[in-house]
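To start, the structure itself, in structure tokens.
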Amino acid sequence: MTTFDADGRTLERVREHVWELPQEDGMNVPARVLASEELLEHIKDDDTLDQIANVTHLPGVVTNALCMPDGHQGYGFPVGGVAAMDAENGCISPGGVGFDINCGVRMVKTTLTYEDVAGREEELVDALFDAVPTGLGGGGVVDSSHSAVEEILEDGMEWALREGYAVPDDLEHCEDEGRRPDADPSAVSQKAKDRGANQIGSLGSGNHFLEVQRVTDVFRDDVADSYGLEEDQLVVLIHCGSRGLGHQVCSDYLRRIEDEHPDFLDSLPDKNLAAAPAGSALADEYYGAMCAAINFAWVNRQLIMHQTREVFADVFDTSWEALGMELLYDVAHNIAKKETHTVDGAERELYVHRKGATRAFPAGREEVPPAYRDVGQPVIIPGSMGAGSYVLRGGADSLDVTFGSTAHGAGRLMSRTRAKQQFDADDVQTGLEEHDRIYVKAQSGETIAEEAPGVYKDVDEVIRVSDDLGIGDKVARTFPVCNIKG
DNA sequence: ATGTAC
């Protein structure tokens with residue numbers, strides 16, 4: 001048997017790119033890491049492997065807890081963690097979703113090409129920076145109003161449609177059509193609502209960004225045709241989440257689990273795995289609050305897309321419709337969801353947790369919108385601001401291997417603290433501009449250092465593993481033109 | 001990720 005020695009833990013090779021931590025001690029199932037040996041080298045010395053093993057201690061976890069190819073250590077669960085718990089006898093874990101509930105990515109298409117924007121990058125990046133609020137703290141696209149927050153939490157993208165910020169096609173091209181019907185605004189604390197009220201339509205900070213990109217490669221012509229993507233086309237990527245509102249929801253429920261289920265918490269190897277038993281009142285409340293925060297995040301991305309459309313219409317002196325600025329798809333990176341999966345030949349209702357992982361449903365699955373049902377859902381995976389991104393399609397094997405999931409990014413190589421020691425913001429910014437003609441404009445220099453291309457793994461390697469495994473297949477690759485961030 | 005603290 002081939003093994004990989006990782007600082008005290010031994011991974012057993014199941015097949016190419018599939019490594020197993022065998023079941024031992026309190027593990028309910030084995031854990032699996034999906035990675036090449038090159039990617040394993042990046043995580044062998046940190047807490048990633050301990051964390052994914054810890055996840056298997058949670059009650060009702062099914063088949064395997066999984067770490068995606070871009071995985072790295074996180075809070076309780078690793079980032080890049082996928083775990084499915086039985087919806088009746090299992091549990092639901094805020095730590096398995098993450099603080100930034102429905103952090104996610106959408107791609108907006110255009111009919112422009114790189115030629116149309118070459119030489120005008122700075123004009124465009126300045127206009128986008130002016131139109132889209134960035135950075136920590138408050139300030140959104142729409143004025144704060146408590147009734148608006150309530151409606152957004154309840155209705156998600158349907159609110160945006162009613163208010164004239166969306167067209168019906170935008171809803172069709174969101175996971176869950178941009179609305180989680182299980183949302184329960186009454187389960188969201190007033191404090192969370194207050195934090196969200198003046199952040200409706202704001203990018204935030206950290207790894208969140210808005211990037212204009214050009215399509216540089218098409219790998220699967222038939223799928224790219226279905227998605228409306230071709231070489232040299234200009235597209236826009238929007239990456240952000242639920243801001244302070246989602247963060248507050250996560251904090252509130254972690255605290256409540258500590259207060260209300262202390263014995264259960266004590267039985268787990270890591271307190272940060274905090275989970276509420278399925279069927280408990282607290283589990284239902286968290287699920288309702290999380291779904292509401294998910295709705296909020298969709299509206300957040302929608303309003304940023306709305307601003308983007310207006311900016312392009314202004315800069316190119318036409319309408320966004322004439323520029324073909326349709327939403328390709330909006331994917332969530334941090335969510336849990338009740339889904340039906342086949343486990344050992346039987347259909348089961350599961351809470352699938354994807355924390356830093358993307359749903360990657362293949363052709364035929366009913367949740368995939370009709371426009372993409374014959375080819376599989378689009379999966380949008382951002383790399384770093386110097387590397388560009390990928391569009392994949394949900395792979396035929398994803399349901400068997402990962403509960404229909406794949407990676408969500410390149411994955412960090414180092415902490416933000418270390419990144420700031422290692423990189424200088426001005427050097428990074430001028431390097432990108434002079435070497436790659438990538439124009440970056442940020443609210444804070446610290447963010448540029450924290451998000452320097454060198455702090456990320458090789459996104460090409462992450463995608464290679466996803467494609468080889470058949471969980472997410474390469475469709476197209478993009479390269480940055482200009483980027484705004486917090 | 002985040003008004004970076006219980």
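Letters go in sequence order (proteins before strands), and every chain restarts at 1.
- Across all strands shown, A:Lys191 has heavy atoms under 4.0 Å from base atoms, whether or not it also approaches the sugar-phosphate.
- A:Gly241 comes within 4.0 angstrom of nothing in the nucleic acid, heavy atoms only.
- Rounded to a whole Å, the CD atom of A:Gln248 is 13 Å from the C1' atom of B:dC6.
- Note: CG (A:Asp259) to C1' (B:dC6) measures 11 Å, nearest angstrom.
- In this model, the phosphate group of B:dC6 is not approached by any side-chain N or O of A:Arg255 to a distance below 4.0 Å at OP1 or OP2.
- One atom, CG of A:Leu136, and another, P of B:dT4, lie 8 Å apart when rounded to the nearest Å.
- Nucleic acid contact class of A:Ser242 (heavy atoms, under 4.0 Å, all strands): none.
- One atom, CD of A:Glu450, and another, P of B:dT4, lie 14 Å apart when rounded to the nearest Å.
- Looking only at side-chain heavy atoms (C-beta outward), A:Val105 and A:His408 stay at 4.5 Å or farther from each other.
- One atom, CG of A:Asn102, and another, C1' of B:dT2, lie 16 Å apart when rounded to the nearest Å.
- Classification of A:Arg359 and A:Glu339 as a salt-bridged pair fails, no side-chain N sitting under 4.0 Å from a carboxylate O.
- Partners of A:Glu121 under the salt bridge (Lys or Arg N to Asp or Glu O under 4.0 Å) rule, at least two apart in sequence or in another chain, are A:Arg437.
- Within the nucleic acid shown, A:Glu258 has no heavy atom closer than 4.0 Å to any nucleic acid atom.
- In this structure, A:Asp100 places its CG atom 9 Å from C1' of B:dT2, rounding to the nearest Å.
- As judged by a 4.0 angstrom heavy-atom cut-off over every strand, A:Arg416 is placed among residues touching the sugar-phosphate backbone only.
- The pair A:Glu326-A:Arg309 fails the salt-bridge criterion, with no side-chain N (NZ, NE, NH1 or NH2) lying under 4.0 Å from an Asp/Glu carboxylate O.
- In this structure, A:Lys355 fails the cation-pi test against A:Phe77, since its NZ or CZ atom is not both closer than 6.0 Å to the six-membered ring centre and inside 45 degrees of the ring normal.
- Remark: P of B:dT2 and CD of A:Gln199 are 8 Å apart, rounded to the nearest angstrom.
- When each of A:Glu446 and A:His247 is assigned the nucleotide of DNA chain B bearing its nearest heavy atom, the one mapping closer to the 5' terminus is A:His247.
- Distance CG (A:Leu254) to P (B:dA5): 17 Å, rounded to an integer number of Å.
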